[in-house]
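Both ligands and their constituent atoms are indexed starting at 1 by order of listing. Position 1 is the first residue of the sequence; numbering continues from there.
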Amino acid sequence: MSDGTCAHLGVIKTVKHAQRRECAECVKMKAQWVHLRTCQECGTTLCCDSSPNRHASKHARSSGHPVVASAEPGERWLYCYPDDGYAEY
Ligand SMILES: [Zn+2]
Ligand SMILES: [Zn+2]
Ligand SMILES: [Zn+2]
């Protein structure tokens with residue numbers, strides 16, 4: 001949960017949503033995923049930390065894009081990887 005020190009979540013005014021309901025990296029390697037997350041910097045949709053390949057968190061570390069939104073139907077929340085911050089919208 002948020003400890004209140006995240007400077008990334010508060011600046012997001014418009015949430016980017018998934019264009020396709022699939023992990024862009026898993027599709028290439030024919031892997032499975034559990035849940036999907038959409039990067040709020042570049043709009044790429046990748047798989048969550050419950051998925052075997054954890055592409056969303058790898059993307060956050062390698063690209064420096066901190067915040068993802070859940071791409072699951074009915075879920076309306078944002079997560080910041082570097083700060084472990086969470087916000088509903
Ligand atoms: Zn943050
Ligand atoms: Zn993936
Ligand atoms: Zn990104």
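Inter-residue side-chain proximity for S62 and K58 is flagged as unmet; no heavy-atom pair is nearer than 4.5 Å.
With the Zn ion (ligand 3) at the apex, C39 SG and H59 NE2 define an angle of roughly 110° (rounded to 10 degrees). Between the SG atom of C6 and the SG atom of C80, the angle taken at the Zn ion (ligand 1) works out to 110° after rounding to 10°.
Aromatic pair Y89/W77: centroids not less than 6.0 angstrom apart.
When distances from the Zn ion (ligand 3) to the N, O or S atoms of H65 are compared, ND1 comes out shortest. D83 has its closest N, O or S atom to the Zn ion (ligand 1) at the position named OD2. H55 has its closest N, O or S atom to the Zn ion (ligand 2) at the position named ND1. Nearest N/O/S atom of H8 relative to the Zn ion (ligand 1): this is ND1.
Annotation: the span from N53 atom CG to C23 atom SG amounts to 7.5 Å, rounded to 0.5 Å. Taking CG of L78 as the reference point, atom CZ of R37 lies at 11.0 Å (rounded to 0.5 Å).
A perpendicular orientation is assigned to the rings of H59 and H65, their planes being inclined by more than 60° (bins at 30° and 60°).
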